[in-house]
Number of protein chains: 2
Amino acid sequence: MKLLIIGGVAGGASAAARARRLSEDAHIVLFERGPDVSFANCGLPYYIGGAIVDRDKLLVTTPERLRSRFNLDVRTQCSVEAIDRTAKKVRVRDASGREYDEAYDKLLLATGAAPVRPPIPGIDLPGVFTLRNLQDADRIKERLDGGVKQAVLLGGGFISLELAENFVRRGILTTVVEKNDQILAPFDKEMTTPIVRELAAKGVTLLLSQSAEALEQTVEGLVVCLSSGPRLPAQLVVCGVGVRPENELAVDAGLEVGPRGGIRVNEQLQTSDPNIYAVGDAIEVKDVSLRVPTQVPLASPANRQGRVAANNIFGHEVQYRGTQGTAIVGVFGQTAAITGASEKSLRQADRPFGKIYVHPTHHAGYYSGAEAMTLKLLFDPTTGRVLGAQVVGGAGVDKRIDVLSVAIQAGMTVFDLEEMELAYAPQYGSAKDPINMAGFVAGGLLRGDHPQISVEAVLATPLAEQPFLLDVRTPQEFESGHIPGAVNIPMDELRSRLGELPRNRKIATYCQVGQRGYLATRIMLQAGLPAVNIGGGYKTYKLYSSCPTKSFLCRAGEGPKVSLRDARRELLERT
Amino acid sequence: MKLLIIGGVAGGASAAARARRLSEDAHIVLFERGPDVSFANCGLPYYIGGAIVDRDKLLVTTPERLRSRFNLDVRTQCSVEAIDRTAKKVRVRDASGREYDEAYDKLLLATGAAPVRPPIPGIDLPGVFTLRNLQDADRIKERLDGGVKQAVLLGGGFISLELAENFVRRGILTTVVEKNDQILAPFDKEMTTPIVRELAAKGVTLLLSQSAEALEQTVEGLVVCLSSGPRLPAQLVVCGVGVRPENELAVDAGLEVGPRGGIRVNEQLQTSDPNIYAVGDAIEVKDVSLRVPTQVPLASPANRQGRVAANNIFGHEVQYRGTQGTAIVGVFGQTAAITGASEKSLRQADRPFGKIYVHPTHHAGYYSGAEAMTLKLLFDPTTGRVLGAQVVGGAGVDKRIDVLSVAIQAGMTVFDLEEMELAYAPQYGSAKDPINMAGFVAGGLLRGDHPQISVEAVLATPLAEQPFLLDVRTPQEFESGHIPGAVNIPMDELRSRLGELPRNRKIATYCQVGQRGYLATRIMLQAGLPAVNIGGGYKTYKLYSSCPTKSFLCRAGEGPKVSLRDARRELLERT
């Protein structure tokens, strides 16, 4: 068996190591265009920022080790130029420019994805970078070490926000320009509010619904010209507007690709040519929540795919199960994580869903250091099956998203979440874990003993038709902010003041997070009043009402409320 | 509906709140013997130690709030003396000593469990405590505030170790006396080694296989007299040797109880009397892993049971699913967590099992601050179904035990763990998470491509019959400690040195954690050599070889190797 692997990072290196474990005899060649194999690309922003000091730590393994330990024929700085499927060989060009053919029995494409560079004037100017590999990181770091006061990040995705944090750590005035009306595209917009707040608090300038139309070189450095007018000075620009599959080899060889360019594979990760497999960021995979094809450029799935492909190549049939897009990002002190379907992907797919929000702390409130989180759960409105989840907050977010990710993989329902047994001691969780709480709220909703109305439904209703808004928090909580038009009757007085409520108008009640509102709803329903609870309470209302959608500027110490005019003025002052 | 609830802490208070949500009309009486309801008993050790400063924080709710918010008839310092099942009433004695009858439609027993006080002379001396409620904590705290230099904890269970940490925080010389040969009884012994090490490092004196036969009062304070001779001076002794269900009311009323005293309930948490339900530490529950009756005195299940019982009482039929004993304890910087069956419980139940160990870090090794953990996985040797897990280490232990707990609840297999999609960014995990790694190792074992031998099997084999022990680590690693009798051939030289290996003797190979050993095993097998990998490598060997089983003394900076004679000498010197 002669196996050629094109691409030596996550999927390719995993496949190579697995292949060797399965066969000592196989001739396994690993072609890598760059000088490094299996480097930790997820660590690059932290190396740039200085949280990872030792560059060598990013080299998960080296070509030398792959040779000595796995007896692999590793050829770095070798680029594969073409595949001849009929002759079962590839055309290779090595570092010296020499070209040669290499035959294969099986071929594995692990070519990855390349950062998109928007086709605007000036995109190729010195000082404008993308971040894909160690050499990119070296170049950005070198530029920073040379002295950068202002940086602009094009795109508000995972890598951009990680870079923003690391730039701020280095004392750089950082602006993020996002052409859509929200950051972190996979998330539902309202769930990005805590991250927007965190960026603002840490001094990152965030411009939403804005795009760069050109980059210019001036005497003082670069200028990013926004379509809306402002000109942002910068000594460094990084494009993080997305990636596209590196599918040229596959396309040229006539292999099937999907509409977004991902190489088509079956469940054995075999392409339309049975002798060619493909893994990683270059392929199209099955979204297990929505059962549609998707592209998920993440390291974990790539690694697992490498293993699966190697198994299949060596006759151990295994199916790749698809992905549910489980992802996590740290932005300063906040973490945002997602698994499965989002509300927006469910709407796009025209799939019915229920949703709830809870706002628990990550461990027992009575133990010091409890950090807040918001958990959004999406589920099938008939069966209660969990379809997706998003969690944003401080510590413990990663744990909850993993638990929910497994729940989705297991086909569990919100009723399973109610009964879920999780480890509890005050430093680690609560006797009723956030997961249980989410189950209780969703289960109550589905059983009909907890009718809810969504914040958006309230916000979208014309004032004249709005339900009677009942705030059951304390007067102090009410004073410090409430939904406009709401009337305050504290929960503990409700039973004795039911007479004050309208009898022939829908009552939408709420508290801070939903729990008192739930009890109030139960009391009113049992008293014959048409009550519903505003799901997730005032905290959820705030997620929506303070979630920016248009151009604006966030600055340290301010809410995300500054107008673009102010933004421009601020920018002009700064320049 | 008139519902009486006896006991107002976790299960009782949860049931009462749930009951009120289900019915505004019901008359719900909550009897509590003590002055507090719904206090955070899991926080008591941390209140004693000072990590929780504000005593009020331990009051999850108050009788006043239960009255005002839930319209409950809360009667604290009221003890229920007897149940008259025929007349459906209970006999109550209030704080003033007045006795009266209270009728019920349904009765819920949430009487909890009481700490066992071993029947030894002096157990009732002043200065000897148990820890169950806030008043106990107050008394211990008062004693500590009065000046305690030395404390002895009888029992090496969860609460004792939490107290040990908190005593040390307060500068108290602390000795733990455990009559069994291991601490943390639910765990397999070797998995307690890192905790023993942590206790030793933090200066806790741990005496295993030792028991107190008497407590004496001397002029200087208390003395704990061990059966083996030593006399331990102490100004404070806390008994933490276990709890027994408070089942007197149930037994007197003729309700069925199990062999260990737990009140028998069906899946609706109904006792042998259909009008009487029971929840919490007082009941016998189904162990979902082993499908045997058990008793699990933990807060989380009690809370869920309270909810389930209330649902059933009010006609919403729900089944309690049983428990898998998911538990977690922090001991200084280490965390030990368990879910499902242990090796020892599987052996006791005579159930076949497979097991593996992995020793990963809690997040990407290249990102600073990665902490080590050991994960032990138990699974069905035929189907691969996960039966139980134990995780011990630093950060991230709680996350992995929760994921594995859910995997067990979902009936997942080790093959599911291999494919499990979990959130990865370098601060939170690894592209191949510890859970995936455990799946890979267990899956490889079950598929037969990774034959293993256990450390115990190697240790138990007479020297003459032992396999050829091959250490494939680097010479440096070998020098700093290896299994006696092992020969060192570094992994990267193995392919070229296969000729040095015996051809007709079993070869047991190992590395540090099992990964290089696995590759070495694959290479040797494919070369026709009868190789097996020592599961979990040298780190697992160390768990066994440095796990104390007999009486000994741990002291700061020393391994757990001091003999009892030294222990005695040390103790005499200290006194």
Side-chain angles (χ1 to χ4, degrees), chain A residues 10 21 24 40 42-43 46 51-52 57-58 60 68-69 71 298-301 303-304 321 323-324 326-330 337 339 364 366-368 398-399 401-403 405-407 409-410 412 416 419-429 431-432 449 491-492 495 518-519 522-523 526-527, chain B residues 10 21-22 24 40 42-43 46 51-52 57-58 60 68-69 71 298-301 303-304 321 323-324 326-330 337 339 364 366-368 398-399 401-403 405-407 409-410 412 416 419-429 431-432 491-492 495 518-519 522-523 526-527:
Chain A
R21 287 197 190 95
E24 269 293 300
C42 301
Y46 303 94
I52 298 171
K57 282 208 164 182
L58 294 171
V60 177
S68 64
R69 181 155 302 168
N71 191 25
L298 291 170
S300 271
N303 276 292
R304 279 179 292 122
R321 300 181 177 188
T323 178
Q324 53 197 51
T326 308
I328 190 165
V329 63
T339 187
Y366 65 80
Y367 193 83
S368 60
D398 60 328
K399 176 160 77 174
I401 211 69
D402 275 359
V403 165
S405 172
V406 178
Q409 285 158 59
M412 284 175 145
D416 294 317
E419 297 300 318
M420 201 168 258
E421 181 174 311
L422 299 164
Y424 164 56
Q427 315 93 306
Y428 306 100
K432 288 167 185 157
D449 56 46
M491 174 58 228
D492 293 354
R495 283 190 186 83
Y518 168 35
L519 181 57
R522 293 294 304 158
I523 290 171
Q526 291 181 63
Chain B
R21 286 197 191 95
L22 294 172
E24 269 294 299
C42 301
Y46 303 95
I52 298 171
K57 282 207 163 182
L58 294 171
V60 177
S68 64
R69 180 154 303 167
N71 191 24
L298 290 171
S300 270
N303 276 292
R304 279 180 290 121
R321 301 181 177 187
T323 178
Q324 53 197 50
T326 308
I328 191 165
V329 63
T339 188
Y366 64 81
Y367 193 83
S368 59
D398 60 328
K399 176 160 78 173
I401 211 70
D402 275 359
V403 165
S405 173
V406 178
Q409 285 159 58
M412 285 175 143
D416 293 316
E419 296 301 318
M420 201 167 261
E421 181 173 312
L422 299 165
Y424 164 55
Q427 315 94 305
Y428 306 100
K432 288 167 185 155
M491 174 59 228
D492 293 354
R495 282 186 186 86
Y518 167 36
L519 181 59
R522 294 293 305 159
I523 291 171
Q526 291 181 64

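Lettering of chains follows the sequences in order, A, B, ..., and the numbering in each one begins at 1.
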Visitor: Would you mind checking which part of A:R304 comes under 4.5 Å of any heavy atom in chain B, side chain (CB onward), backbone (N, CA, C, O), both or neither?
Guide: side chain

Visitor: Could you report the tightest heavy-atom contact between B:N303 and A:A431, atom names first, then the distance?
Guide: ND2-CB, 3.1 Å

Visitor: Pick whichever of B:N71, B:I328, B:V60 has the most heavy-atom pairs under 4.5 Å with chain A.
Guide: B:I328

Visitor: When heavy-atom pairs shorter than 4.5 Å are enumerated against chain B, which of A:Q409, A:K57, A:M491 gives the highest number?
Guide: A:Q409

Visitor: Taking A:V403, A:I523, A:D449 one by one, which has the highest count of heavy-atom pairs under 4.5 Å against chain B?
Guide: A:I523

Visitor: Under 4.5 Å, counting heavy-atom pairs only, tell me which of A:L58, A:I401, A:T323 racks up the most with chain B.
Guide: A:T323

Visitor: Using heavy-atom distances under 4.5 Å, tell me whether A:L422 contacts chain B through its side chain, its backbone, both, or neither.
Guide: both

Visitor: Non-hydrogen atoms of chain A under 4.5 Å away: do they reach the side chain of B:R495, the backbone, both or neither?
Guide: side chain

Visitor: Could you tell me which non-hydrogen atom of B:A423 sits nearest to which non-hydrogen atom of A:D402, and how far apart they are?
Guide: N-OD1, 2.8 Å

Visitor: Heavy atoms only: give me the nearest B:G43-B:I52 pair and the separation to one decimal.
Guide: O-CD1, 3.7 Å

Visitor: Find the one option among A:G330, A:S368, A:A337, A:A299 whose heavy-atom pairs under 4.5 Å with chain B are most numerous.
Guide: A:G330

Visitor: What pair of heavy atoms forms the shortest contact from B:Y366 to A:A40, and how long is it?
Guide: CE2-CB, 3.2 Å

Visitor: Once side chain to side chain donor-acceptor pair (under 3.5 Å) is applied, do any residues pair with B:Q324, and if so which ones, sequence neighbours excluded?
Guide: B:T339, B:S405

Visitor: Go through the atoms of A:M420 and report whether side chain, backbone, both or neither lie under 4.5 Å from a heavy atom of chain B.
Guide: both

Visitor: So what's closer than 4.5 Å to chain A heavy atoms on B:Q526: side chain, backbone, both or neither?
Guide: side chain

Visitor: If you apply the rule salt bridge (Lys or Arg N to Asp or Glu O under 4.0 Å), what do you find for B:R321 with A:E421, and how did you get there?
Guide: CA-CA 10 Å; B:R321 301 181 177 187; A:E421 181 174 311; over 6 Å; no

Visitor: Go through the structure and list residues passing ring pair (Phe, Tyr, Trp, His ring centres under 6.0 Å) with A:Y428, not counting sequence neighbours.
Guide: none

Visitor: In terms of heavy-atom proximity below 4.5 Å to chain B, should A:Q427 be classed as side chain, backbone, both, or neither?
Guide: side chain

Visitor: Search all heavy atoms of B:P426 against all heavy atoms of B:Y367 and return the closest pair with its distance.
Guide: O-CB, 3.8 Å

Visitor: When only pairs under 4.5 Å are counted, which of B:A410, B:G429, B:S300, B:A10 shares the most heavy-atom pairs with chain A?
Guide: B:S300

Visitor: Please look at A:R21 and chain B and tell me whether the side chain, the backbone, both or neither of the residue comes under 4.5 angstrom of a heavy atom of that chain.
Guide: both

